[in-house]
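If you're wondering where the values come from, they're calculated on a predicted model, not measured in any experiment. Quick note: residue numbers are just sequence positions, from 1.
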Amino acid sequence: MAEYKTIRFRLNGRPVELAVQPHENLVEALRRGFQMYSVRESCGQGLCGCCTVYVNGKAVSGCLYLAALVDGCDVQTVEGLGTLQQLSPVQEAFIECEGFQCGFCTPGMIMMATQLLQENPNPTDEEIKHYMSGNLCRCAAYPEIIAAVHRAAEKLRASKETDAAADKAATVAG
């Protein structure tokens, strides 16, 4: 029987702890310990992107990442991007543009699209294709996914403009 180690980390902004085995990957730990079923293991080789989560703000393949390594880290899944009452702009855009079919790859796609838009708020089609090339959609919803990333970019730009206008109005009023 393998020895367990208790790790402590922040999951979607809240502190958690979990006993993990040395060989357990992050996908297994998140699903077993926290019922984070959006994190899916498909290829088990870091090739399909279904298991994409953020560790300390950077996308990683959860199937290749040992759970013990997140001790003391911040881990974020697609559940941490928005709430049931207020989805993130990327989540909204995927729904609006029908950027999914079976939905199996969607959480990983949304995680990568979110990171892309943080790094490049106005990507071209080619930049989206290149950035998202590590995420596979077996249903071939790629045109809708690209449209969703563009729509999310529009939403994020509009949100920043609204925030800037509100800040300017507050400065003038205050």
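Annotation for C50 and C105: closest pair SG-CA, 3.9 Å, computed over non-hydrogen atoms. Of all non-hydrogen atoms in P89 and L156, the two that sit nearest each other are CG-CD2, 3.6 Å. The two residues L18 and G33 make their nearest non-hydrogen contact at CD1-CA, 3.7 Å. Nearest heavy-atom pair, V27 versus C51, reported as atom, atom and distance to 0.1 Å: CG2-CB, 3.4 Å. The minimum heavy-atom distance linking C63 with G46 is given by the pair SG-N, 3.3 Å. Shortest non-hydrogen contact noted between I145 and G99 is CG1-O, 3.3 Å.
Using modelled atom types, one side-chain atom of S133 and one backbone atom of H130 make a donor-acceptor pair closer than 3.5 Å. Distance alone, capped at 3.5 Å, is enough to place a donor-acceptor pair between the Y54 side chain and the Q115 backbone. The main-chain N or O of A158 is never found under 3.5 Å from a side-chain atom of E161 such that the two would form a donor-acceptor pair. Judged by distance alone, with hydrogens and angles left aside, the side-chain atoms of N56 form no donor-acceptor pair with the main-chain N or O of C73 at under 3.5 Å. Of the possible polar contacts, one joining the Y142 side chain to the C137 backbone as a donor-acceptor pair under 3.5 Å is found. Put simply, the side chain of Q91 gets close to the backbone of V78: a donor and an acceptor are under 3.5 Å apart. The backbone N or O of R10 lies less than 3.5 Å from no partner atom in the side chain of D74, so there is not a single donor-acceptor pair. Checking side-chain atoms of E41 against main-chain N and O of E28 turns up no donor-acceptor pair under 3.5 Å.
At least one side-chain heavy atom of V16 sits under 4.5 Å from a side-chain heavy atom of R14. Contact check for V149 versus P123: side-chain heavy atoms found under the 4.5 Å cut-off. You'll find the side chain of M109 stays beyond 4.5 Å of the side chain of F104, heavy atoms only. Residues Y131 and N120 are not in side-chain contact: their nearest non-hydrogen atoms beyond the backbone lie 4.5 Å or more apart. In this structure, T77 and L11 have side chains that are in contact, with non-hydrogen atoms separated by less than 4.5 Å. Contact of the Y65 side chain with the N25 side chain is not registered, since no non-hydrogen atoms from C-beta on lie closer than 4.5 Å. Residues L66 and E24 are not in side-chain contact: their nearest non-hydrogen atoms beyond the backbone lie 4.5 Å or more apart. Using a 4.5 Å heavy-atom threshold, the side chains of D71 and R8 count as touching.
A donor-acceptor contact closer than 3.5 angstrom is absent between the side chains of E127 and N122. E126 and T124 are not linked by any side-chain donor-acceptor pair at a separation below 3.5 angstrom, with hydrogens and angles left out of the test.
A distance of 8.0 Å separates CG in N135 from OG in S61, rounded to the nearest 0.5 Å. In this structure, E119 CD and T114 OG1 are separated by 11.5 Å, a value rounded to the nearest 0.5 Å. A distance of 10.5 Å separates CD in Q35 from CG in L30, rounded to the nearest 0.5 Å.
Atom CZ of R138 has 12 or fewer heavy atoms from other residues, nucleotides or ligands within 6.0 Å.
A continuous path of hydrophobic side-chain contacts links M111 to F94 [ILVMFWY only; heavy atoms under 4.5 Å]. Under the 4.5 Å side-chain heavy-atom criterion for Ile, Leu, Val, Met, Phe, Trp and Tyr, L47 and V39 are members of distinct hydrophobic clusters. In the hydrophobic cluster analysis, where Ile, Leu, Val, Met, Phe, Trp and Tyr join through side-chain heavy atoms closer than 4.5 angstrom, V70 is grouped together with M36. With hydrophobic clusters built from ILVMFWY side chains whose heavy atoms lie under 4.5 angstrom apart, L81 does not share a cluster with V60. Placement of V53 and L116 in two distinct hydrophobic clusters is found when ILVMFWY residues are connected by side-chain heavy-atom separations under 4.5 Å, directly or transitively.
Seen from the ring of Y37, R31 does not count as a face-on cation partner, given the 6.0 Å and 45° thresholds.
Classification of K155 and E96 as a salt-bridged pair holds, one side-chain N sitting under 4.0 Å from a carboxylate O. A salt bridge does not link R151 with E92: none of the charged nitrogens is closer than 4.0 Å to a carboxylate oxygen.
Partners of T83 according to the side-chain contact (heavy atoms from CB on, under 4.5 Å) rule, which considers only residues two or more places apart in sequence or in another chain, are Q85, Q86.
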Under the side-chain contact (heavy atoms from CB on, under 4.5 Å) rule, what do V55 and L26 come out as? Steps first, then yes or no, please.
CA-CA 10 Å; V55 174; L26 188 52; 4.0 Å; yes
In sequence, state the C-alpha distance, the side-chain angles, and the governing distance for K129 and I146, and then conclude on side-chain contact (heavy atoms from CB on, under 4.5 Å).
CA-CA 8 Å; K129 290 175 187 174; I146 292 169; 3.7 Å; yes
